[in-house]
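Chain letters run A, B, ... following the sequence lines, proteins first and then strands; every chain starts at 1.
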Amino acid sequence: MRATELYAPTLRESPAEAELLSHKLMFRAGLIRKAAGGMYTYLPLAWRTMKKIMQIIREEMDAAGGQELMMPITQPAEIWRESGRWAVYGPEMMRLKDRHGREFCLGPTHEEMITTLVRGEVRSYKQLPLMLYQMQNKYRDEIRPRFGLMRSREFVMKDLYSFDKDVDGMNISYQKMYDAYTKIFTRCGLKFRAVEADNGAIGGGHSHEFTVLAPSGESNIAYCESCDYAASDEKAELKIIRAEVEEMKPLEKISTPNAHTIELVKNYLGVPIEKTIKAVAFQDDDGKLILAFVRGDHEVNEIKVLNATGALHLHMAEESAINAVGGSAGFMSPIGLKDGAAIVVDATVMEMYNAVAGANEADAHFINVNPRRDFDAAKIIVADIRMVQAGDPCPHCGAELKMTRGIEVGQVFTLGSKYSKSLNATFLDESGKETYFEMGCYGIGVGRTMAAAIEQNNDADGIIWTRAIAPFEVVVVPVNAKDAAQLEYAEKIYDELKAAGVDVLLDDRKERAGVKFKDCDLIGYPLRVTVSPKTLDSGNVEVKIRKSGEMLNFNRAECVDKVLDLLKNL
RNA sequence: CGGGGUUUAGCGCAGUUUGGUUAGCGCGUCUGCCUUGGGAGCAGAAGGUCGUGAGUUCAAAUCUCACAACUCCGACCA
């Protein structure tokens, strides 16, 4: 491909609307243009990369036993009504009617489609397991599309659905997909983690989110470098931290004027923050007061509180609700409260000795609080309710956890028989019994993967593609394309590289060298082969590695081999 | 949906407070010259329903009202 024929409109400045680095770079490098909020055109460079990502996905899906097919984007309302999700999905689903007034949606996902496809056709356990997948546009009318391809309303997604005769089979399929995903993102050159995720409502099975580690990501991840543990901050389990055993001193109430925050209490009393107990007051949808207690230097994890109490939603408590149980905002503890509130105490708090906690009246605290002695065990729930922090011990191996942000690019989860039941999809098992399929569902956001790769690999000059997903692997640049000798020299190298199977671009534009170099760096081709009067005279070529900035000189005769060599490590 | 902000040439912006000729600037684009190892220089040119609609006024990018799109912050997710 020649740059004079390539449609890659680069920009010096990025449009004001682009916020995220990858979004700006995709705009500037001529990868995408916006058509409407959350809807983008993929220009040739982006589409080349997307096709490479899709090819990697395809190869790994096929290797794992998947078969590609293509389903309609437009789906009839009736199958969604049958599964019950027509009502459940809400405004996020793009809905439309045909000329007869029949209702359709633009598929946000394809469980209904695939399940109704399979249910009439697969009748015997002998036809299982079955893994079917497709790659195509999906539609979700996001509340707030943003960050370019990171959160768009129309996006390319690979989704595979597995059908098994039993749970064991489903788990095998799950593991195959888990392994395939690991290969896919590794081949794409991404630093990522398979993060334990929560999918309680969906099927109670396993779920992992494949998350690319990048500081601009939307989710918080706790991960361990000593083992492969990783979890979202909301999900991360925490072990109890045991305090040093002390003799329990007598409980005592003391005056702490205006010390309504942990910081103030700590300073006023001159105690370490690890010796304080903090209260956070919530109310659930019914207005029931939920008091959560954690160590002063810890934060409450609301999701864990939800799980511990069975509440569906939490919001900050009204002061009147606190007063109703005899509490006082800023001076709360479980000691001596009236009934009516759910009291959840973090397991680590129970291990504390001679701590400081509120006295349930304004401007007073208890000292020498010993939860195991002073809390009424019958009235409290003890659970892990704290939010993970960097430095907490890994629940698997005990090493210190690190925190980072991540971009979720794929998710695998087991569905069990949720959809096969709601859509009545059955087969006959070995004993001739009618049985529901055990299903799994596995998605990858293709555009998001591209965006995440850029987010993770860039510098001040632009994108740095890894070879596997670069729009072109190599660009050959004659410094002055108006010079016939240079152009011819460059064309020869270009032809040889092409013949050697390299995905190569010839930048034959009659632009100044600086312009072309800037564009090369911005677009981020892994290797640049430069032809100039100097290299012509010396019979050499110069090769620049985009990632390291390294400049290498090779003899003309060996340059194709050297480029092939270099590509192996990019 | 709630709360802010923005909307003027392909892109980035000024001008709006205090209404007043022909609406500017930088980048990009086009032509010519020059230049050819990091978005160089000189000369010239094209390019605008000032988001849309109504209103106030002798006169509106500028004031008023409505609407729309975009965008940021909060409740959702490949």
Side-chain angles (χ1 to χ4, degrees), chain A residues 9-20 23-24 27-28 30 33-39 53 57 89-93 107-110 135-160 181 185 197-199 202 207-212 217-219 232 302 313-315 406-413 441-452 460-462 477-483 486-487 507 509-522 528 530-536 542 544 549 551:
Chain A
T10 56
L11 298 172
R12 251 192 227 201
E13 294 169 292
S14 52
E17 67 192 44
E19 187 73 10
L20 202 64
H23 189 193
K24 285 183 185 164
F27 243 106
R28 287 227 289 137
R33 290 293 183 265
K34 186 168 71 176
M39 305 201 178
I53 294 172
I57 293 172
Y89 225 95
E92 200 173 289
M93 185 150 68
T109 178
H110 279 70
M135 286 189 247
Q136 62 140 281
N137 279 341
K138 305 265 171 167
Y139 296 81
R140 292 185 194 170
D141 196 356
E142 290 285 343
I143 298 169
R144 186 145 102 86
R146 59 182 145 174
F147 301 146
L149 299 191
M150 290 291 184
R151 179 179 298 282
S152 51
R153 297 196 292 170
E154 174 179 296
F155 54 98
V156 178
M157 182 170 151
K158 184 283 304 181
D159 50 329
L160 181 145
Y181 273 41
F185 295 119
D198 193 39
N199 70 331
I202 288 185
S207 176
H208 284 87
E209 291 172 357
F210 283 77
T211 298
V212 170
E218 289 188 87
S219 49
S232 68
E302 292 188 30
H313 299 284
L314 289 182
H315 56 91
I407 300 162
E408 187 191 334
V409 289
Q411 182 164 25
V412 292
F413 51 91
C441 157
Y442 316 86
I444 293 178
V446 177
R448 193 131 137 184
T449 300
M450 172 169 68
D461 292 317
V477 183
V479 162
N480 182 1
K482 288 181 187 168
D483 181 308
Q486 272 182 51
L487 186 57
D507 195 345
R509 293 177 301 163
K510 295 176 173 51
E511 292 283 354
R512 294 170 52 82
V515 173
K516 297 206 270 193
F517 291 162
K518 286 287 184 191
D519 271 350
C520 290
D521 288 349
L522 177 61
R528 185 183 86 201
T530 314
V531 171
S532 69
K534 260 188 299 181
T535 62
L536 264 182
E542 178 189 278
K544 181 184 177 187
M551 300 274 214

Out of C77(B), C13(B), G38(B), which has the shortest distance to the side chain of A16(A)? C13(B)
Check whether any side-chain N or O of R146(A) sits under 4.0 Å from OP1 or OP2 of C70(B), and answer yes or no. no
Quick one: does K482(A) reach the base of U36(B) with a side-chain donor-acceptor pair under 3.5 Å? yes
Which of C77(B), C11(B), G37(B) is nearest the side chain of R140(A)? It is C77(B)
Return the pairing partner of U31(B) with a 3.5 Å limit on both distances, Watson-Crick or G-U wobble; otherwise return none. A43(B)
When rounded to the nearest 0.5 angstrom, what is the spacing between CE in M157(A) and CD in Q136(A)? 10.0 Å
Between G38(B), C76(B), A78(B), which one does the side chain of E408(A) approach most closely? A78(B)
Do the side-chain N or O atoms of K518(A) get closer than 4.0 angstrom to the phosphate oxygens (OP1, OP2) of C27(B)? no
Nearest listed nucleotide, side chain of T530(A), among G38(B), C13(B), G37(B): G37(B)
G38(B) phosphate, OP1 or OP2: any side-chain N/O from R512(A) under 4.0 angstrom? no
Where the side chain of S152(A) is concerned, which of C11(B), A78(B), C76(B) is the nearest nucleotide? A78(B)
Please determine whether any donor N or O and acceptor N or O are separated by less than 3.5 Å between the side chain of E13(A) and the base of G26(B). yes
Aromatic plane relationship, Y181(A) with F185(A) - under 30° parallel, 30 to 60° tilted, over 60° perpendicular: perpendicular
Please pick, from U36(B), G38(B), A78(B), the nucleotide with the shortest atom-to-atom distance to any side-chain atom of N480(A). U36(B)
Among U71(B), G38(B), A75(B), the one nearest D521(A) by side-chain distance: G38(B)
Could you check whether any side-chain N or O of E542(A) sits under 3.5 Å from a backbone N or O of M551(A), counting only pairs where one atom can act as donor and the other as acceptor? no
Exam field: side chain K158(A) to backbone Y442(A), donor-acceptor pair closer than 3.5 Å: yes
Need the pair for C25(B). Rule: Watson-Crick or G-U wobble, both distances under 3.5 Å, any strand; none if unpaired. G12(B)
Residue T535(A), side-chain heavy atoms: nucleotide from C76(B), G37(B), C11(B) that is nearest: G37(B)
Closest to the F155(A) side chain: A78(B), U71(B), U36(B)? A78(B)
Return the 5'-most residue of the pair K534(A), P15(A) with respect to RNA chain B, ranking by each residue's nearest nucleotide. P15(A)
Strictly distance-based, threshold 3.5 Å: is any side-chain N or O of R140(A) a donor or acceptor partner for the main-chain N or O of P108(A)? yes
Give a yes or no on whether a donor-acceptor pair under 3.5 Å exists between the nucleobase atoms of G38(B), that is its base, and the side chain of R528(A). yes
